[in-house]
Asker: 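The following block contains the structure, expressed as structure tokens.
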2 protein chains.
Amino acid sequence: MRQFFTITELTREFDISTRTLRYYEDEGMIAPLRRGRRRLYSISDRTRLKLILRGKRLGFTLAEIREIVTMYDAAPGEAGQLLHFLNKIAERRADLLQKRSDIEITLRELEEVERGCHERLGALGSADVD
Amino acid sequence: MRQFFTITELTREFDISTRTLRYYEDEGMIAPLRRGRRRLYSISDRTRLKLILRGKRLGFTLAEIREIVTMYDAAPGEAGQLLHFLNKIAERRADLLQKRSDIEITLRELEEVERGCHERLGALGSADVD
DNA sequence: ACATACTTTTACGTAAAAGTCAATTAATAT
DNA sequence: ATATTAATTGACTTTTACGTAAAAGTATGT
């Protein structure tokens, strides 16, 4: 894998706009290097971006995502901070578990609806099947 | 369980504002009865609301939620529509499966971060444990 | 040197999902 | 009867997460 990526390479790979990438930078989510004025995204920038997009898919706000992403690269050194950190983690986990349970329920409900559809289709189809 | 709920009862139960409930009504997501000008929410209104809030927690937009919620109470009668319907369901399911996988990954990552925190805490704590 | 294709910054616009405020109206308590 | 409380409508505002357009810089091929 390459060392660096241009902005358009990333926009293509992840199907987002340059505006989005620059916005994330403005918001302090990613800080690519520059060659002259051009942005150069490192592999770890790319990884951060993946994290951000995953967060988005899960419906987290950028502020929430910032918190999560920040956790990954900076575990603080002081005990009090570490405890605070662990609390944040617990919060996020609770959030994720809630989401997961919501998903399970919804999947089951969709299955039911789907079964209903198939039954109806069957009833209709029995009139003229090949 | 009671037959009807007032708007404030629902705002309290679900920790949302009256503005939100009225907004959902404007958007055609819920249609409570009226006694005079006052809204009376039925049990099924309340159920719809739960569905909406679940959708929100999962990061779906109101438009997407409307699609989902609509599926629950109206399976169409015509074959073509039923197939179209099944497609919608498949889309939603794909979305949910993606989300679920994102969640699993994130949960595991959080666990790692947490382990790291505990290790550090342990290292600090060994200086002066009770 | 020149066209072409990217890229950058700056600035303003916008859609979704509410929040907030004001003016009324209706219901209830005293 | 009146004060208080709750609910309604309507208008305006705010926040988030970008979109879009303008104007100018930079790299590349020919």
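The structure displayed is predicted, hence computed values, not measured ones. Chain letters run A, B, ... following the sequence lines, proteins first and then strands; every chain starts at 1. Values below: every heavy atom of this structure, side chains too, minus hydrogens, waters and symmetry copies.
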Asker: Strictly below 4.0 Å: does B:Arg39 bring a side-chain N or O up to OP1 or OP2 of D:dT9?
Answerer: yes
Asker: Please give, in whole Å, the distance from D:dA7 P to B:Phe4 CZ?
Answerer: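 Rounded to whole Å, this separation is 16 Å.
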Asker: Please check if any side-chain donor atom of A:Asp102 sits under 3.5 Å from a side-chain acceptor atom of A:Gln98, or the reverse.
Answerer: yes
Asker: How would nucleotides 12-20 of chain D be written as a contact map, 5' to 3', with B for base contact, S for sugar-phosphate-only contact and - for no contact, using protein heavy atoms under 4.0 Å?
Answerer: -----BBBB
Asker: May I ask you to say whether A:Glu104 pairs ionically with A:Arg100, meaning some side-chain N is under 4.0 Å from a carboxylate O?
Answerer: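 No salt bridge links A:Glu104 with A:Arg100.
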Asker: Would you call B:Asp73-B:Arg48 a salt bridge at under 4.0 Å N-O?
Answerer: yes
Asker: Give a yes-or-no answer on whether the side chains of A:Thr20 and A:Ser17 include a donor-acceptor pair shorter than 3.5 Å.
Answerer: yes
Asker: Can you tell me how far C1' of C:dA18 sits from CE of B:Met29, to the nearest Å?
Answerer: 14 Å
Asker: Taking CD from B:Glu25 and C1' from D:dG10, how many angstroms apart are they, rounded to a whole number?
Answerer: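 My rounded result for the distance is 14 Å.
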Asker: Between atom CD1 in B:Ile7 and atom C1' in D:dT5, what is the gap in whole Å?
Answerer: 16 Å
Asker: Between B:Arg22 and B:Thr18, do the side chains contain a donor N or O and an acceptor N or O under 3.5 Å apart?
Answerer: yes
Asker: Could you give the CZ-to-P distance, from A:Phe5 to C:dT7, as a whole number of Å?
Answerer: 15 Å
Asker: May I ask you to verify if any side-chain N or O of A:Thr6 is less than 4.0 angstrom from the OP1 or OP2 atom of C:dT7?
Answerer: yes
Asker: Does anything in residues 74-86 of chain B form a side-chain hydrogen bond (donor to acceptor under 3.5 Å, both in side chains)? List the pairs, not counting sequence neighbours.
Answerer: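 For residues 74-86 of chain B: none.
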Asker: So which protein nitrogen or oxygen atoms get under 3.5 Å of nucleotides 22-27 of chain D's nitrogens or oxygens?
Answerer:
residue : atom : partner : partner atom : Å
D:dG25  : N2   : A:Arg38 : NH2          : 3.0
D:dT26  : O4'  : A:Arg38 : NH2          : 3.4
D:dT26  : O2   : A:Arg38 : NH2          : 3.1

Asker: For the pair made of CD1 in B:Ile52 and C1' in C:dA18, what is the distance, rounded to whole Å?
Answerer: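 In whole Å, C:dA18 C1' and B:Ile52 CD1 are 14 Å from each other.
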Asker: Can you confirm whether the side chains of B:Thr8 and B:Thr11 place a donor and an acceptor under 3.5 Å from each other?
Answerer: no
Asker: Can you check the B:Leu40 CG to C:dA27 C1' distance for me, whole Å?
Answerer: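 Going from CG in B:Leu40 over to C1' in C:dA27 covers 14 Å.
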Asker: Rounded at 0.5 Å granularity, tell me how far CG in B:Leu21 sits from CD1 in B:Ile16.
Answerer: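 Nearest 0.5 Å value for the CG-CD1 distance: 4.0 Å.
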Asker: Apply side chain to side chain donor-acceptor pair (under 3.5 Å) to residues B:Thr106 and A:Arg54 and explain how you reach the verdict.
Answerer: CA-CA 9 Å; B:Thr106 309; A:Arg54 203 167 73 202; 3.3 Å; yes
